[in-house]
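Remarks on the structure that follows.
Nothing fancy with the numbering, it's 1 onward along the sequence.
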Amino acid sequence: IEIMATDSAFTRDVEAWCCSTGNHLLATSCDKGIYRAVVQRGPSDCNTMAAMPTTKNDEKTFIMFSDDLDKTLATFVLANGAAATGKRVTIFFTFWGLNAIKRVNKPRVKKDIWGRMFGWMLPSHSQKLALSKFNMLGLGRIMMRHLMKLKGVDSLESLRQQAIDNGVEFIACQMSMDVMGIKREELIDEVSIGGVATYMERAEKAGVNLFI
């Protein structure tokens, strides 16, 4: 198949992808900012991958602890990249990271005073996430999203949906939900609920574990 992209890193990335998935990169080229690659299904001739020992720990796991817009974007970009290699990918959302998987239109749920306080202080959904730097009372977040749109970069919500479509597993930490007064009904449908044991079971099968 022939693949085309406008990302200057595409040539290097497609070579790495072929090595990871065992496919053969036939050719690459660039013309007027359009990068092309021709890929053939079949055994890869990548010497680097051939030299690596085989392992069963080929899954990928991420702990999403932060709710900073930039860090959340990075998490979903990495998760989608990992899923593109055909491996099982899991994101474990805990504490502030739960804000990235809240519904925009949430149903009314009964909460105690502590749950209501967290609801007042925390972002109500992913579109309200702030930047880790230069947020400038929300102006930085607006500017970042505007620049992403101008540059043709997918929004956080689009990247999240792509991860869902790519089969990335979303697990919300039950303990964090209890502490912060977040109810299951406030989270998007594709999320399952789990605890430390659930994450550790996934992590033991993973060759990559990232805490973000």
Residues Thr21 and Ala84: closest non-hydrogen pair is CG2-O, 4.2 Å
Work out which heavy atom in Gly140 is nearest to a heavy atom in Leu131; give both atom names and the distance.
O-CD1, 3.3 Å
Does atom CG of Leu137 have more than 12 heavy-atom neighbours from other groups under 6.0 Å away?
no
Determine whether Ile101 and Val104 fall in the same hydrophobic cluster, where Ile, Leu, Val, Met, Phe, Trp and Tyr are linked whenever their side-chain heavy atoms lie under 4.5 Å apart.
no
Got Asp31 and Arg36 here, is their nearest side-chain heavy-atom distance under 4.5 Å?
yes
Side chains of Thr72 and Met64: closer than 4.5 Å at any heavy-atom pair?
yes
If the plane angle is over 60° it's perpendicular, under 30° parallel, otherwise tilted; pick one for Phe95 and Phe65.
tilted
Show the numbers, then the answer: is there a side chain to side chain contact (heavy atoms under 4.5 Å, CB included) between Thr90 and Ile171?
CA-CA 7 Å; Thr90 300; Ile171 301 176; 3.7 Å; yes
With rounding to the nearest 0.5 angstrom, report the CE to CG distance, Met148 to Leu156.
7.5 Å
Which class fits the ring pair Phe93 and Phe170: parallel under 30°, tilted 30 to 60°, perpendicular over 60°?
perpendicular
When you measure from the side chain of Arg160 to the backbone of Ala100, do you find a donor-acceptor pair of N or O atoms at a distance under 3.5 Å?
yes
In short, salt bridge (charged side-chain N to carboxylate O under 4.0 Å, His left out) pairs touching residues 61-77 with sequence neighbours left out are Asp68-Lys71
Quick check: closest heavy atoms across Leu98 and Cys173, and the distance to 0.1 Å?
CD2-N, 4.2 Å
All side chain to side chain donor-acceptor pair (under 3.5 Å) counterparts of Asp189, not counting sequence neighbours:
Arg103
Smallest separation among heavy atoms of Glu169 and Ser192, with atom names
OE2-OG, 4.5 Å
Just how far is it from atom CG of Leu122 to atom CE of Met117, taken to the nearest 0.5 Å?
10.5 Å
Residues pairing under salt bridge (charged side-chain N to carboxylate O under 4.0 Å, His left out) where one sits in residues 134-144, two or more places apart or in two chains, turn out to be none
Using side chain to side chain donor-acceptor pair (under 3.5 Å) as the criterion, list what pairs up with Arg12, not counting sequence neighbours.
none
What's the spacing between Met136 CE and Ile142 CD1 if we round to 0.5 Å?
9.5 Å
Heavy-atom nearest pair, Ile63 first then Thr94, reads CG2-CG2, 3.8 Å
Steps toward side chain to side chain contact (heavy atoms under 4.5 Å, CB included) verdict (Phe211, Thr61)
CA-CA 9 Å; Phe211 185 98; Thr61 62; over 6 Å; no
Could you go step by step and tell me if Val14 and Tyr35 meet the side chain to side chain contact (heavy atoms under 4.5 Å, CB included) rule?
CA-CA 10 Å; Val14 72; Tyr35 299 86; over 6 Å; no
From Glu15 CD over to Trp17 CH2, what is the distance, rounded to the nearest 0.5 angstrom?
13.0 Å
Taking the side chain as every heavy atom from C-beta outward, state whether Ile3 and Phe10 have any atom pair closer than 4.5 Å.
yes
Let me see the working for Asn209 and Phe62 under side chain to side chain contact (heavy atoms under 4.5 Å, CB included), right down to the final yes or no.
CA-CA 6 Å; Asn209 293 285; Phe62 300 85; over 6 Å; no
With clusters defined by side-chain heavy atoms of hydrophobic residues (ILVMFWY) lying less than 4.5 Å apart, directly or transitively, does Val153 cluster with Met143?
no
Residues passing the side chain to side chain donor-acceptor pair (under 3.5 Å) test with Ser158, sequence neighbours excluded, are Gln162
Salt bridge (charged side-chain N to carboxylate O under 4.0 Å, His left out) contacts touching residues 104-125 (sequence neighbours left out)
Lys111-Glu186
Partners passing side-chain contact (heavy atoms from CB on, under 4.5 Å) against Val77 (at least two apart in sequence or in another chain)
Leu159
When you group the ILVMFWY residues by side-chain heavy-atom contacts below 4.5 Å and let the links chain together, are Trp96 and Leu210 in the same group?
yes
To the nearest 0.5 Å, how far apart are CG in Leu69 and CD in Gln127?
11.0 Å
In short, ring pair (Phe, Tyr, Trp, His ring centres under 6.0 Å) pairs touching residues 100-142 with sequence neighbours left out are none
When Ile, Leu, Val, Met, Phe, Trp and Tyr are grouped by side-chain heavy atoms lying under 4.5 Å apart, directly or through other members, which residues fall in the same group as Met4?
Ile34
May I ask you to check whether Thr28 and Thr11 show a side-chain donor-acceptor distance below 3.5 Å?
no
Determine yes or no for a side-chain-to-main-chain donor-acceptor pair under 3.5 angstrom, with Lys102 supplying the side chain and Pro123 the backbone.
yes
For Gln174, check side-chain contact (heavy atoms from CB on, under 4.5 Å) against everything at least two apart and list the hits.
Met177, Asp178, Ile193
First locate atom CD1 of Ile212, then atom CG of Leu73, and finally report the distance between them rounded to the nearest 0.5 Å.
11.0 Å
Can Val208 be reached from Met200 by stepping across I, L, V, M, F, W or Y side chains whose heavy atoms are under 4.5 Å apart?
yes
Residue set satisfying side chain to side chain donor-acceptor pair (under 3.5 Å) with Glu157, at least two apart, ordered chain then number -> Ser126, Arg145
Remaining members of Val109's ILVMFWY cluster at a side-chain heavy-atom cut-off under 4.5 Å?
none
With the 4.5 Å side-chain cut-off for hydrophobic clustering, are Ile1 and Leu26 part of the same group?
no
